[in-house]
K.L.:
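After the structure tokens below, expect a handful of questions from me.
The chains referred to below are lettered A, B, ... by the order of the sequence lines, with proteins before strands, and numbering in each begins at 1.
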2 protein chains.
Amino acid sequence: MFTAVSKKNLSDEIGDQIINKILSGVLCPGDKLPPERDLSLQMNVNRHTLREALRKLDTLGLLSIRQGDGIYIRDFRESGNLELLKHILYLRKDITSDIMKNILEIRRYISPEMAYRAAQNRSDEESEHLKSLLKQELPVEEKDLAIHQSIARGSGNILYIFILNFFNDIFRDFGALYFSFKENQEASEKFHKNIVKAITEKNPDLAKKIMNEILVYAENITLKYMENKYEKI
Amino acid sequence: MFTAVSKKNLSDEIGDQIINKILSGVLCPGDKLPPERDLSLQMNVNRHTLREALRKLDTLGLLSIRQGDGIYIRDFRESGNLELLKHILYLRKDITSDIMKNILEIRRYISPEMAYRAAQNRSDEESEHLKSLLKQELPVEEKDLAIHQSIARGSGNILYIFILNFFNDIFRDFGALYFSFKENQEASEKFHKNIVKAITEKNPDLAKKIMNEILVYAENITLKYMENKYEKI
DNA sequence: TTGGTGTAATGGTTCAACCAATAATCAAAA
DNA sequence: TTTTGATTATTGGTTGAACCATTACACCAA
């Protein structure tokens, strides 16, 4: 019904401001930032608050901080990570359908392989967990998340877990729209049943095929929604 | 000849210490950390220094910090990102061959698709850039990095760029070993020539095939090195 | 049971000062 | 002239104390 409001602390605001300056080209890779003391004065915040913001941007691969020297803008195309991309997308508020296409495309390459591996490598516990998830009375959205996570864990490749987290963060807002349509809910429920069966029966090829099908379906739907979003709202 | 020593500041050490506590199970998801004031006292550092460490772990998806409430350990399997995985791998110093297998496997799925897209979508500038890279007299290692980056940019999908950065960070140390062998250098040079040709000629299937071949080759070699590493050193 | 009120706990921010690493400069030595 | 080493200014790193803002919790009143 209502959506949560986001509360940002000062240092996050500072960080966003700097990111925006970099994205808009005001600050370029290689540029040296003013000293912390100056910068905090310019922004009218305390140096510590600024430092916490800088620390975050550093973690995102956006800055290079060197004691005794200074703070430099890094080229995020060379040093940025997916976490930074996520921040950028959230910052812009509206994810363009171009970017969404990119994300969905990568997911379509990766997730079927993940399902394949899960069907190969799943432990018996993971299999039981999947089956118990099927029976649980949960909102489709939560169930979908849980099943994908379980598949990732069953794959035996820890990277899938972290990559999946990225997708989940991106789709968190979009999922509500997607699952608000009954036909999508039904498609997902059918998918859940089938993929759990394939993985339980250790049928990698089938699992891969099933995962691919639901992703292609969701991809088309999602892009359609995005193109029509101005009509709907 | 000599390898660079890594200098860590206090707050990074603190952060690593906390990460280790989480990985070793001393701190579990859902656990509440002691208040900043207590924790800084326990660790014998200033509260600000501690806060910078916490800020970093928060960015890595490892903590949930709530003003007025407290600091909670998140389940990194649900909220962690690839950047966190990178930190974990660096922390443990030795990347086990299991993890390396996982990483190489994912790369083998992703990079050929990236090459495919690059051959489809490349701009003329990117094509020229690739060709000029080929001619440049550079250490193989650098050239290899630059060519992969150029392919990622030419793919038209921004995600490839960030995913590639992850791989590069992981393989940075390993590349030196790999490229120290003449046969690998030659394999890479041949690969560079062929992939640039395929992309320039807009032949997606060929580009994909070539990329896949070098990755399979490098994957086998790398894993072989890892298994024998105790003999070599 | 619900909604308000006050209090304690806890993260967020500010201020002022000093420590430590780096770069730039310049003088002495080769 | 070139190289080496000391000096100095700049800049990030750390510390300590104080206060602000939000939250959880216990309590009270309707």
K.L.:
Does a salt bridge link A:E126 with A:R153, judged by any charged N lying under 4.0 Å from a carboxylate O?
P.N.:
no
K.L.:
D:dG13 C1' sits how many Å from B:L50 CG, rounded?
P.N.:
15 Å
K.L.:
Is A:K7 near enough to D:dT23 that one of its side-chain N or O atoms lies under 4.0 angstrom from OP1 or OP2?
P.N.:
yes
K.L.:
Reading nucleotides 4-13 of chain C from the 5' end, what letters show protein touch, with B for base, S for backbone sugar-phosphate only, - for no heavy atom under 4.0 Å?
P.N.:
------BBBB
K.L.:
Going by an N to O cut-off under 4.0 Å, is there a salt bridge joining B:R117 and A:E105?
P.N.:
yes
K.L.:
Show the nearest heavy-atom pair for residues B:I170 and B:I103, with the distance to one decimal.
P.N.:
CG2-CD1, 3.8 Å
K.L.:
Roughly, in whole Å, what's the span from NZ in B:K8 to C1' in D:dG13?
P.N.:
17 Å
K.L.:
Measure the distance from CG on B:D12 to C1' on D:dT14 and round it to the nearest whole Å.
P.N.:
14 Å
K.L.:
One thing to verify: whether B:E52 and B:K56 come together as a salt bridge, which I'm taking to mean a side-chain N less than 4.0 angstrom from a carboxylate O.
P.N.:
no
K.L.:
Can A:K8 and A:E13 be counted as an ion pair, charged N to O under 4.0 angstrom?
P.N.:
no
K.L.:
Between B:T59 and A:R55, is any side-chain donor less than 3.5 angstrom from a side-chain acceptor?
P.N.:
no
